[in-house]
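Remarks on the structure that follows.
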Amino acid sequence: SQPQSQSQQPQPQASKQQQEAAQEQPVSLKEKNEAAYRAHCASLVEHAQASARFHNQGKEAESLQSLQASQAAFEAAVALQPRHPQAFADMANAMHNMQRFDEALTLWDGVAERLQPEDAETRAEVVRRKRLTQYGKVSVRRDKAYASGQGNMTEALQWTRAQLEVYPNHPDVEHNLGTMMVMRREVSGVEAELEAEEMFRLAQQHSLEGWVAGLQQTKKQCMRKGASRVLLPADLLTEKSANVSVVFGPTRKLASHDNRHQQHLHEDSLSGTTSASADDNGKESDASSSKKEKEKDDASSHKTDSHDRNDSSNDETDFPGAAFLHSDDEDSSSTSSTPSKIVFGAGRSFVTQLKGAALNGPGGLVSLENRTSCRIVVSSALQHEDLTRNLQMLAIWAASNRVSWHDIHQGRVPNHGAGLIDPGRPKVAASAMQFASSAFYHFLLEVLPRVLLLEMVPQFTLPLPADTNADAQGPAPLYVPSHGPNSFAAQLVALLRASRMGGGSGLDPRFKLVAYDPHAPNDKTVLPETLLLPGWEPSTLAGRALPSVAPPALLRLLRSRLLAGVPEDDDAASVRPAVVYVSRQRESMRKLTSDDEAAFTALLQAAAEDAQMEFVVFDGGNASTVDAARLFARARVVAGVHGGGLSNLLFATPGHTLVVELSFRVDKSRHFSHLAAALGLEHHTFLLQADERGLGADYVRINHTLLPRIAAVIKEFVSLRESAGNANEPAATPTKTHAADEL
């Protein structure tokens, strides 16, 4: 929250004694005294504003001079009327705006001392302003310690908790604390990850309360106490409301518009194995993230028992992919222990039809409002969805006499609480929007699966525009994140348009892709009469929901459809299988240090030469989508640090590709082991050196004790393929699209 402008500051009243003393003076002297006092206060404000302006311009000498003039005006005002609180309030506000918080706090105390007991309203406002100053003080210290995620996380956590002491239920602070605890997972154990989940849950709950309070005040909506909720996507399957219906679900088989096979996405699951190490004979040893936390850290996060299996699926299927976890602190000579089997439980896909729903904010967050209760439907990001970025809400966590609208934009966007934009109002629309939908991973592996899932919407729900019963509006708008004509998103959409399935068009003609602004303000953006919303139950790991991963059946369907759109390569016969290193040197986070990257790429290059394969350094920023698809389709080994570039594993060849991922202990980094298991790739995670910045670190380091193990894993994989006689046989680009009932 930003400080109020000077004109909005409380205007404290003079004390009773001061008023009586002033009445005893001649009228002309009293008026002259008051006029001088007001002039000094005005000068105080003017010079303080100039000091801040000069400081922002880098003119420190002029800033200091103006500050001294402001202080002189304050002293002159106090000398005239020492018991009048206005000069203290003006100076407190000035010091707050210049981030001189300790001085501001002393001055707010001075204001309180000069107020009369009966002046309760002004006193409450001073308490509110002092609390805001306290929050500003700890926030500046938190930001300095955090240093955009590259500073001292331990100190930053202390100041973040201090923020919550000032505003105990502030959802932005709770969300930030959750993010920091995800980062701290690398050094603080699984307890940090559990605390992160709780902070994300609290942030959503307190955001919901602020959103509901705003709707109650402005629209008299959501009036039944305790009836409003945050829904996960799968909660829509059991939502008891006339405005929510399932048009394609896990128990239905519905014919789609182009006479394709009966459509049904079966629930399935993925199996893999966790292992701490693999010795030169391919034997596996015990898994743990550290000796100190062996019994409850990574091993506990990845173990599977009968309860987990029952949670994940009634019809589990083991896929060819296997997942292994390698740490640097295990006894690699130990081969006596048996690695525990893990199962990714894969949720079922569905499409729901919502009446009177709205899309909100940059993430296209879905909301449902009525007189009694209201709902927020988060995306597959689950508890990680930041609601304050998408919704208008009252800052009820401030717990003051005057509750204001939460201005997440800090003054850059006006009219909070009164409507920031005029929303679109189509009759029927669909949305593939979600958290971080413009990022490569999320667009490729979450947005596009939603686009394909909408093909399952039955004909009677949404007919073709050419049909006699079709809606006059033509194809229904399908909202996807806006993108430029040459962007990766545009290239991926072009592959879908070029693909063919069952003789039909590459994209469902009942929909037209419409650009959605991923930078929209936190307000309603689209208000369709009917909204078609694709979604899925979350995949699970050891019974815990994983955010931001799509069901395996959808991922395999997406792979087939995209590869069907890749044009034939005239040079395919001459290319060799490849060892691909996915570089992150152009990215803002998780870059290998130069010496570690040199050691790692030297290992990979040697492995490629031994296997007579091509070694390729892949930079996603310089490769077209078609080139990336062709490269990963012929890759036999793909290696790199956890990041969006590994999303191209979607194009890798099942049963012929080894994935070596340098990654983290936190379960929320299992995106690519899940993807590999879905596609039948062999996946090995090698843990990076522990760093309290975790996933947010600018630079990461390899545990060099693991390098021989990485080389051994690659050698063993290649040897097994050579013995089968197909290690150096380039994979043909699959063009077959599976019948939908196979999914």
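Computed over heavy atoms, backbone and side chain alike; hydrogens, waters and symmetry mates excluded.
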If you look at every heavy atom in [X] and [Y], which pair is closest and at what distance?
X	Y	value
Ser647	Leu675	O-CD2, 4.1 Å
Asp667	Arg544	OD2-NH1, 3.3 Å
Leu478	Ala432	CD1-N, 3.9 Å
Phe632	Leu649	CD2-N, 4.1 Å
Thr154	Asn152	N-OD1, 3.1 Å
Leu631	Ala578	CD1-CB, 4.3 Å

Heavy-atom donor-acceptor pair, [X] side chain to [Y] backbone, under 3.5 Å:
X	Y	result
Glu692	Arg184	no
Gln434	Gly364	no
Ser487	His483	no
Asp610	Ala607	no
Trp536	Val549	yes
Arg559	Leu650	yes
Ser188	Arg185	no

Checking [Y] against [X]: is there a side-chain donor and acceptor pair closer than 3.5 Å?
X	Y	value
Glu446	Ser437	no
Arg634	Thr653	no
Thr705	Asn703	no
His674	Ser539	yes
Glu661	His642	yes

Checklist entry - Hey, would you say the Phe686 and Phe600 ring centroids sit under 6.0 Å apart? => result no
Review point. Are Phe435 and His384 an aromatic pair by the rule of ring centers under 6.0 Å?
Key: no
How many angstroms lie between [atom1] in [X] and [atom2] in [Y], if you round to the nearest 0.5 Å?
X	Y	atom1	atom2	value
His656	Leu681	NE2	CG	10.5 Å
Leu604	Glu609	CG	CD	11.5 Å
Thr593	Gln689	OG1	CD	8.5 Å
Glu614	Arg636	CD	CZ	12.5 Å

Could you check if a side-chain atom of [X] sits within less than 4.5 angstrom of a side-chain atom of [Y], using non-hydrogen atoms only?
X	Y	value
Leu688	Ser663	no
Asp691	Phe664	no
Glu193	Met181	no
Ser379	Arg450	yes
Val641	Leu592	yes
Glu682	Thr657	no
Phe651	Arg630	no
Ser669	Thr685	no

Take Thr540 and Leu546 through the test side-chain contact (heavy atoms from CB on, under 4.5 Å) and record every step on the way to the result.
CA-CA 5 Å; Thr540 59; Leu546 291 176; 6.0 Å; no
Given the options Arg584, Arg701, Arg590, Lys591, Asp596 meets salt bridge (Lys or Arg N to Asp or Glu O under 4.0 Å) only with Arg701
Taking distance alone, no hydrogens or angles, what donor-acceptor pairs closer than 3.5 Å link side-chain atoms of residues 615-624 to residues at least two apart or in another chain?
unit_1, atom_1, unit_2, atom_2, d
Asp619, OD1, Arg586, NE, 3.2
Asp619, OD1, Gly621, N, 3.0
Asp619, OD2, Arg586, NE, 3.2
Asp619, OD2, Asn622, ND2, 3.1
Ser624, OG, Asp627, N, 3.1
Ser624, OG, Asp627, OD2, 3.2

key: Salt bridge Glu716-Arg721, side-chain N to carboxylate O under 4.0 Å   = no
Check: Leu662 and Val700: side-chain contact (heavy atoms from CB on, under 4.5 Å), yes or no, with the steps?
Finding: CA-CA 9 Å; Leu662 306 178; Val700 294; over 6 Å; no
